[in-house]
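Since the structure comes first, as structure tokens, the remarks are kept for the end.
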Amino acid sequence: MAVGTVALGAATLGYAVGIERRRWTLRTAELPVLAAGAKPFTILHISDLHMLPGHVSKQRWVAALDELEPDLVVNTGDNLSHHQAVPSVLRALGPLLDRPGVFIFGSNDYYAPKPKNPARYLMPKGKKKRIHGEHLPWRDLRAAFVEHGWNDLTHVRRTIEVADQYVFTAGVDDAHLHRDRYADIAGPVDTAAAVRIGVTHSPEPRVLDEFAGDGYDLVLAGHTHGGQLRVPGYGALVTNCELDRTRARGASRWGAQMWLHVSAGLGTSPYAPVRFACPPEASLLTLVPRGTTSENHRKAAPRKARNTVR
């Protein structure tokens with residue numbers, strides 16, 4: 001029995017490290033958030049690349065997402081995991097940078113990861129001591145994004161044109177690091193826009209409540225990695241933030257009006273390169289007018305990747 005248990009554990013770990021963390025997956029969802037009469041459009045939600053220079057298959061797979069022809073790309077941070085990874089991120093996002101896009105940054109855009117006890121991930125948030133690594137070249141990444149026309153929404157409110165209609169957007173800096181200053185973007189939203197979208201890296205409830213209170217229709221976030229380790233039939237064990245674990249990935253309602261979409265992301269820390277029952281993902285969201293589909297939560301359906309070769 002003991003030998004069998006050890007063998008099963010080794011096989012599970014081998015799958016989590018060697019297979020699932022590179023099982024690139026496209027998740028799709030339809031969200032009824034547009035104003036009546038607005039034209040449906042698509043958002044490609046990308047988050048938590050945690051890129052290293054050697055992540056070749058990830059770069060190829062993300063670049064191929066351009067074939068989906070999204071109307072808007074939303075990047076919710078944690079692109080970097082290495083001080084030399086900016087060119088790799090740009091190779092991955094290259095074709096998508098020619099499309100309308102918005103972004104904010106997360107903690108691993110600012111600071112490199114450091115070796116940590118893996119058990120820390122399962123500890124209550126209040127018990128953890130924050131450990132920062134070396135500073136990463138986020139300014140270089142920001143400059144490249146902006147040069148290609150993407151909008152930095154860090155503490156900015158901006159109306160952009162998407163699919164021949166106006167979309168009101170705003171974002172905050174990483175709430176996980178307490179860099180968020182929602183007061184900088186607080187206030188009434190543009191009610192004439194087709195939709196009002198908020199962007200944050202970490203889906204902290206205090207920030208989500210602020211967006212909901214100001215009348216946003218949809219907030220996009222990352223950070224959770226979908227729990228990274230999920231138990232079949234139970235779901236995520238933790239979210240690494242104050243969000244409850246049932247919302248660790250996918251779409252859910254937040255209050256009476258607003259929807260939340262949390263991406264499980266495409267990477268891991270290089271010091272905890274495992275995923276189980278939670279493959280790395282990007283999401284293609286189709287926004288439609290309210291009332292044209294069920295207002296109840298529709299579970300986002302994953303689709304397997306076309307390319308999983310390293």
ask   = Taking the side chain from Q165 and the backbone from E161, do they hold a donor-acceptor pair closer than 3.5 Å?
value = no
Residue pair P273 / R21: nearest heavy atoms and the distance that separates them = O-CD, 2.8 Å
query = Side chain of H155, backbone of D173: donor and acceptor closer than 3.5 Å?
reply = yes
key: ILVMFWY clustering at 4.5 Å (side-chain atoms), partners of Y166   = none
query = So, does S283 use its side chain to make a donor-acceptor pair with the main chain of L285 at under 3.5 Å?
reply = no
inquiry  = Membership question, hydrophobic clusters at under 4.5 Å side-chain separation (ILVMFWY): are V207 and L220 in the same one?
reply    = no
message = For a 4.5 angstrom cut-off between non-hydrogen side-chain atoms, does L80 reach L141?
response = yes
request  = Kindly indicate whether a cation-pi arrangement holds for R245 with Y234, taking the cut-offs as under 6.0 Å to the six-membered ring centre and within 45° of the axis.
outcome  = yes
task = Could you walk me through whether D78 and S47 pass the side chain to side chain contact (heavy atoms under 4.5 Å, CB included) test, one step at a time?
result = CA-CA 7 Å; D78 272 10; S47 195; 5.9 Å; no
request  = Run the numbers on R157 and F168 for side chain to side chain contact (heavy atoms under 4.5 Å, CB included), then give the verdict.
outcome  = CA-CA 7 Å; R157 294 157 53 101; F168 182 81; 3.6 Å; yes
ask   = Under a single-linkage definition using a 4.5 Å side-chain heavy-atom cutoff for Ile, Leu, Val, Met, Phe, Trp and Tyr, are L72 and W259 assigned to the same hydrophobic cluster?
value = yes
ask   = Measuring from H50:NE2 to D109:CG, what's the distance to the nearest 0.5 Å?
value = 8.5 Å
query = Who pairs with W254 by ring pair (Phe, Tyr, Trp, His ring centres under 6.0 Å), at least two apart in sequence or on another chain?
reply = none
message = Hydrophobic cluster membership, with links at side-chain heavy-atom distances under 4.5 Å among I/L/V/M/F/W/Y: are V167 and L260 in one?
response = no
query = Got a donor-acceptor contact below 3.5 angstrom from the E20 side chain to the C278 backbone?
reply = yes
key: 4.5 Å side-chain heavy-atom contact, K114 and E134   = no
message = When you compare the side chain of T200 with that of V219, does any pair of heavy atoms fall below 4.5 Å?
response = yes
task = Taking the side chain as every heavy atom from C-beta outward, state whether D217 and L31 have any pair of such atoms under 4.5 Å apart.
result = no
inquiry  = Can you give me the closest heavy-atom contact between G198 and Y216, atom names plus distance?
reply    = N-CD2, 3.7 Å
query = Quick one: OG1 on T169 to CG on L218, what's the gap to the nearest 0.5 Å?
reply = 11.5 Å
query = Between H83 and H135, does the ring centre distance come in under 6.0 Å?
reply = no
key: Side chain proximity check, T28 to T286, heavy atoms < 4.5 angstrom   = no
message = Side chains of R249 and R230, heavy atoms from C-beta outward: is any pair under 4.5 Å?
response = yes
For residues 35-45, which side-chain N or O atoms pair as donor and acceptor with protein atoms under 3.5 Å away, sequence neighbours left out?
unit_1 : atom_1 : unit_2 : atom_2 : d
T42    : OG1    : D71    : N      : 3.2
T42    : OG1    : D71    : OD2    : 3.3
H45    : ND1    : H261   : ND1    : 3.0
H45    : NE2    : T76    : OG1    : 3.0
H45    : NE2    : A221   : O      : 3.3

query = What is the distance from atom CZ of R275 to atom OG1 of T268, rounded to the nearest 0.5 Å?
reply = 7.0 Å
query = For D48 and H223, does a side-chain donor sit closer than 3.5 Å to a side-chain acceptor?
reply = no
task = Using a strict cut-off of less than 4.0 Å between a Lys/Arg side-chain nitrogen and an Asp/Glu carboxylate oxygen, indicate whether D174 and R179 qualify as a salt bridge.
result = no
task = Scan side-chain atoms only and decide if R91 and S88 contain a donor-acceptor pair under the 3.5 Å cut-off.
result = yes
Heavy-atom closest contact (P203 atom, L208 atom, distance) = O-CD1, 3.8 Å
Side-chain donor-acceptor pairs of residues 183-195 under 3.5 Å, sequence neighbours excluded:
unit_1 : atom_1 : unit_2 : atom_2 : d
D184   : OD2    : R181   : NE     : 2.9
D184   : OD2    : R181   : NH2    : 3.0
D190   : OD1    : A192   : N      : 3.0

request  = Measure across L49 and K58 and return the closest heavy-atom pair with its distance rounded to 0.1 Å.
outcome  = O-NZ, 2.5 Å
note = Taken to the nearest 0.5 Å, the spacing of N108 CG from S269 OG works out to 7.0 Å
Closest non-hydrogen atom pair, C241 against T224 = SG-CG2, 4.2 Å
key: Single-linkage hydrophobic cluster V199~L34, side-chain heavy atoms < 4.5 angstrom   = yes
task = Answer yes or no: is there a donor N or O on one side and an acceptor on the other, between the side chain of H148 and the main chain of W150, under 3.5 Å?
result = no
key: CA sep, side-chain torsions, deciding dist, call: D214, R196, salt bridge (Lys or Arg N to Asp or Glu O under 4.0 Å)   = CA-CA 10 Å; D214 277 343; R196 292 144 288 274; over 6 Å; no
remark   = The residue among Y110, Y111, F145 that forms ring pair (Phe, Tyr, Trp, His ring centres under 6.0 Å) with W138 is Y110
task = Begin with the C-alpha distance, continue with both residues' side-chain angles, and end with the deciding distance and a verdict on side chain to side chain contact (heavy atoms under 4.5 Å, CB included) for N75 and L93.
result = CA-CA 10 Å; N75 181 312; L93 296 175; 3.8 Å; yes
Check: P279 and W24 side chains under 4.5 Å, non-hydrogen atoms = no
message = Test side chain to side chain contact (heavy atoms under 4.5 Å, CB included) on F103 and R142; report intermediate values, then the result.
response = CA-CA 9 Å; F103 68 94; R142 180 189 183 278; 3.9 Å; yes
inquiry  = Testing the basics here: between L52 and S81, what is the closest heavy-atom pair and its distance to 0.1 Å?
reply    = CD2-O, 3.6 Å
task = Output all residues satisfying ring pair (Phe, Tyr, Trp, His ring centres under 6.0 Å) with Y182, sequence neighbours left out; order by chain, then residue number.
result = F211
ask   = Roughly how far, to the nearest 0.5 Å, is CE of M51 from CG of L90?
value = 9.5 Å
query = Any side-chain heavy atom of H176 within less than 4.5 Å of one from N240?
reply = yes
ask   = Quick one: CD on E281 to CZ on R23, what's the gap to the nearest 0.5 Å?
value = 10.5 Å
key: Results of salt bridge (charged side-chain N to carboxylate O under 4.0 Å, His left out) for D180 - residues two or more places apart only   = R206
message = Hydrophobic clustering (ILVMFWY, side-chain heavy atoms < 4.5 Å, transitive) - are V172 and F105 grouped together?
response = no
inquiry  = Donor-acceptor pair, distance only, cut-off 3.5 Å: does the side chain of N151 make one with the backbone of L153?
reply    = no
